[in-house]
A.B. asks: 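After the structure tokens below, expect a handful of questions from me.
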Amino acid sequence: MFPTLKTKYPVFVSFIVVLLMSSCAGTNKKFSKKDVKHSQNLIGLSFTDKQVDTIYPYLLRNRKGFDSLRTYSLDPNVFPAVKFDPLPLNFNQKPQGSIPDWEIPNNIEMPNNKSELAFYTIPQLASLIKNKKISCVELTRFFIDRIKKYDDVLQSTITITEKMALEQAKKLDDELANGKYRGILHGIPYGVKDLMSVKGYKTTWGAAPYKDQQFDVTATAVEKLQNAGGVLIAKLVSGSLARGDVWFGGKTKNPWDTAQGATGSSAGSGAATSAGLVPFALGTETLGSITSPSTRTGITGLRPTYGRVSRYGVMSLSWSMDKVGPMARSAQDCAIVYSIISGKDPKDPTTTDFSVGIDLNRDIKTLKVGYLKEDIEKDSSKSKDNMVKALETFKKMGIEPEALKLPEDLPYNSFDVILRAEAGAFFDDLVRSGDVDKMVEQDQRSRANSLRQARFIPAVEYLQANRHRAVLIEKMNELIKEYDVVISPTSGNRQLIITNLTGHPVISIPTGLDKDKHPTSITLVGNLYDEASILVLAKAFQEQTEFDEMHPSGYLD
């Protein structure tokens, strides 16, 4: 018979109790033996008076240790020494193609209505720049002017980086005049979620306590885009500390229906891309923040494998779950941006040197595809009809998907303990200082409330959740390893939480409009480090449909 928790792990239990008793913001109040007894009710244990007498001096020593740790500040870019590894046992990466030499068409002309540029793809805009039919400065001013015109309603932008953008655009025009062309992103404007630091500009994290915050570094993903010739024009709304679409300045709207929020904390990236305020944007996802706003705003969103894209210079919500990815008009645009921002970064210990490649010319009939049959059939949302039609489209394309079921018999509802515990650690100073009270939302589902209650998550339960996560990783790998792509509803089933926990890549692609004229989507799930397969199938689907060419009305004036 196994020993009980309280007899086998007395130090861990002591650690839990002292955490509970030291959770009040900025307090130096000592706790009593009575407090220890009361704490047992929360952690589900029961000690005798004698055991409490034995524990109590140890807790006092622990408390001094915790207090001494808090006298040292931590830079936001410091990752924990314990790193999450998404790899199953005996993992082998599927073969990758090479990074394409992106084709830039030569037959693109300026539209009669200049506003139509807002919905051009990256290759179309690149053609105009490369062939000098529009200058980098002109294109940059065009998109900055659109932000100024439409953002009062959409509330998608926190900071316009106008001075830096115009200076960079001028430099790129000069380079082009001298025969230097950096590649397909040369002179292409874009925006980033305001969790990403940019030297010389505020990085607000969407939250009132940080609205004047600046860092003296630029996020690696932003640096890579800048070096490739991209022109950063805006820092876009993040929901407050990466939660939802509400930030310290208001609520980001869905361009298709401004009575709705854009959802997900990459709300600004979704709304701005959808309305043609930027050609593409970077977002982040921990539990739906790329896929949700991409669906709501009718764009394409790629969430790469955990560790594919550096998070150096990016706010952490959960060190073991956060991912950075592109949000754009199409799968091809996402592939272009992904190919530039991915790769190993010595500043981010979670990044890997797995090969990166995309063969967009691959015959899709060579892909082995599965689909979550029961999840699609049981879906009760307004997007179901379009999901069924999308499946029929795949079949007409020569794809014969096989029915699959996601892993079961795991404690899914308890997995967010991982996210909440890690967020609680990152924002410990915010809670202890009491500045968490300055955040706009303070209700039960708010980030502020989530951070406060994170202080009451026992360390043992966090570790146990990660042990269950290891089981989930193996079960998911066993299910998906024989397939290249799995077709799933974007939300409303277990796919979203499973793939965010296991680190698998997904792409959300639009499938049309529902009966209320709101965008719908479907999600393609890939194997770890195999973004190539989901990108090639998504691109092929979009070549057979026009959903990626949809855009909301009212933004072509």
Side-chain angles (χ1 to χ4, degrees), residues 69-81 140 144 157-172 185 189-242 247-249 265-266 268-269 278 281-284 307 309-319 322-324 340-351 422-423 425-433 435-436 438-439:
L69 285 176
R70 296 185 188 112
T71 64
Y72 298 88
S73 61
L74 283 169
D75 186 281
N77 288 309
V78 174
F79 285 75
T140 298
I144 288 175
T157 304
I158 294 180
T159 303
I160 301 176
T161 56
E162 186 168 3
K163 183 177 183 293
M164 179 178 69
L166 292 173
E167 287 175 354
Q168 186 178 12
K170 175 63 168 61
K171 179 181 178 182
L172 291 164
L185 285 190
Y190 69 97
V192 298
K193 185 177 183 179
D194 198 32
L195 300 188
M196 302 178 195
S197 58
V198 176
K199 190 174 181 178
Y201 288 91
K202 294 177 181 179
T203 301
T204 71
W205 299 345
Y210 301 102
K211 63 185 178 67
D212 296 316
Q213 173 178 252
Q214 287 195 47
F215 297 106
D216 197 32
V217 299
T218 295
T220 296
V222 177
E223 279 191 341
K224 287 187 173 185
L225 291 175
Q226 304 289 70
N227 292 337
V231 179
L232 177 64
I233 64 171
K235 303 199 73 185
L236 303 169
V237 166
S238 167
S240 190
L241 303 186
W247 57 294
F248 65 84
S265 65
S266 300
S269 296
V278 291
L282 295 186
T284 68
V309 179
S310 173
R311 291 174 293 152
Y312 177 76
V314 183
M315 187 204 89
S316 292
L317 182 64
S318 170
W319 288 286
D322 297 338
K323 307 101 183 162
V324 175
I340 292 166
I341 63 175
S342 58
K344 178 73 174 176
D345 177 15
K347 296 178 181 177
D348 180 348
T350 69
T351 55
E422 293 181 11
F426 187 86
F427 291 106
D428 183 42
D429 288 345
L430 180 70
V431 175
R432 296 184 62 79
S433 69
D435 284 348
V436 69
K438 298 176 183 177
M439 293 175 66

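In this chain, numbering begins with 1 at the start of the sequence shown.
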A.B. asks: Check whether any side-chain heavy atom of D348 sits under 4.5 Å from a side-chain heavy atom of F79, and report yes or no.
C.D. replies: yes

A.B. asks: Using salt bridge (charged side-chain N to carboxylate O under 4.0 Å, His left out) as the criterion, list what pairs up with K170, not counting sequence neighbours.
C.D. replies: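 K170 satisfies salt bridge (charged side-chain N to carboxylate O under 4.0 Å, His left out) with D174 only.
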
A.B. asks: Hey, does L232 have a side-chain heavy atom less than 4.5 Å from the side chain of L225?
C.D. replies: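 When only atoms from C-beta onward are counted, L232 and L225 do not touch, as no gap falls below 4.5 Å.
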
A.B. asks: Between K163 and E167, is there a salt bridge with N-O shorter than 4.0 Å?
C.D. replies: yes

A.B. asks: List for me each residue that meets side chain to side chain donor-acceptor pair (under 3.5 Å) alongside K344, sequence neighbours excluded, and say none if there are none.
C.D. replies: none

A.B. asks: Is any side-chain heavy atom of M315 closer than 4.5 Å to a side-chain heavy atom of Q213?
C.D. replies: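 Side chain of M315 against side chain of Q213, heavy atoms only: no contact under 4.5 Å found.
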
A.B. asks: According to side chain to side chain contact (heavy atoms under 4.5 Å, CB included), who are the partners of E223, at least two apart in sequence or on a separate chain?
C.D. replies: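 Testing E223 for side chain to side chain contact (heavy atoms under 4.5 Å, CB included), a comparison that skips the adjacent residues, returns T218.
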
A.B. asks: Do T350 and D322 touch side chain to side chain, with heavy atoms closer than 4.5 Å?
C.D. replies: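 With C-beta onward as the side chain, the pair stays apart.
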
A.B. asks: Closest approach of K224 and I341, non-hydrogen atoms and distance?
C.D. replies: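 Distance-wise, the nearest heavy atoms are NZ-O, 3.5 Å.
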
A.B. asks: What are the two closest non-hydrogen atoms of L195 and A242, and how far apart are they?
C.D. replies: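 Minimum heavy-atom contact is CD1-CB, 4.0 Å.
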
A.B. asks: I'd like to check the side chain to side chain contact (heavy atoms under 4.5 Å, CB included) partners of A234; sequence neighbours left out, ordered by chain and number.
C.D. replies: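 For A234 the side chain to side chain contact (heavy atoms under 4.5 Å, CB included) partners, ignoring immediate neighbours, are I147, T157, L236.
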
A.B. asks: Taking all atoms of both residues into account, what is the closest heavy-atom pair of S310 and T351, and its distance?
C.D. replies: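 Minimum heavy-atom contact is CA-CG2, 3.6 Å.
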
A.B. asks: Tell me which pairs pass side chain to side chain donor-acceptor pair (under 3.5 Å) where either residue lies in residues 191-202, with sequence neighbours left out.
C.D. replies: K193-S265, K193-S266, K193-T284, D194-T204, D194-K235, K202-D212

A.B. asks: Which residues satisfy the salt bridge (charged side-chain N to carboxylate O under 4.0 Å, His left out) test with D345, sequence neighbours excluded?
C.D. replies: none

A.B. asks: Taking C-beta and beyond as the side chain, do V198 and M196 meet within less than 4.5 Å on heavy atoms?
C.D. replies: no

A.B. asks: Show every ring pair (Phe, Tyr, Trp, His ring centres under 6.0 Å) that has at least one partner inside residues 208-230, sequence neighbours left out.
C.D. replies: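 Matches after skipping sequence neighbours: W205-Y210, W205-F215.
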
A.B. asks: One pair to check against side chain to side chain contact (heavy atoms under 4.5 Å, CB included): K211 and I158. What are the steps and the verdict?
C.D. replies: CA-CA 10 Å; K211 63 185 178 67; I158 294 180; over 6 Å; no

A.B. asks: Would you check if K347 and N77 make a side-chain contact, meaning some heavy-atom pair closer than 4.5 Å?
C.D. replies: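 Sidechains of N77 and K347: no contact.
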
A.B. asks: Using the side chain to side chain contact (heavy atoms under 4.5 Å, CB included) criterion, which residues pair with D435? Sequence neighbours excluded.
C.D. replies: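 P209, L430, S433, K438.
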
A.B. asks: Could you tell me which non-hydrogen atom of G191 sits nearest to which non-hydrogen atom of V278, and how far apart they are?
C.D. replies: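 Minimum heavy-atom contact is N-CG1, 3.9 Å.
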
A.B. asks: Report the distance from atom OG1 of T140 to atom CG of L172, rounding to the nearest 0.5 Å.
C.D. replies: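 The distance works out to 8.0 Å.
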
A.B. asks: Once side chain to side chain donor-acceptor pair (under 3.5 Å) is applied, do any residues pair with S318, and if so which ones, sequence neighbours excluded?
C.D. replies: E422

A.B. asks: Quick check: does any side chain N or O of T161 sit under 3.5 Å from a backbone N or O of I233, one acting as donor and the other as acceptor?
C.D. replies: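 Yes.
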
A.B. asks: Under the side chain to side chain donor-acceptor pair (under 3.5 Å) rule, collect the residues that match up with E162, sequence neighbours excluded.
C.D. replies: K148

A.B. asks: Please name all residues satisfying side chain to side chain donor-acceptor pair (under 3.5 Å) with S316, sequence neighbours left out, ordered by chain then number.
C.D. replies: W319

A.B. asks: Mind checking salt bridge (charged side-chain N to carboxylate O under 4.0 Å, His left out) for K323 and listing every partner two or more places apart, or none if nothing turns up?
C.D. replies: none

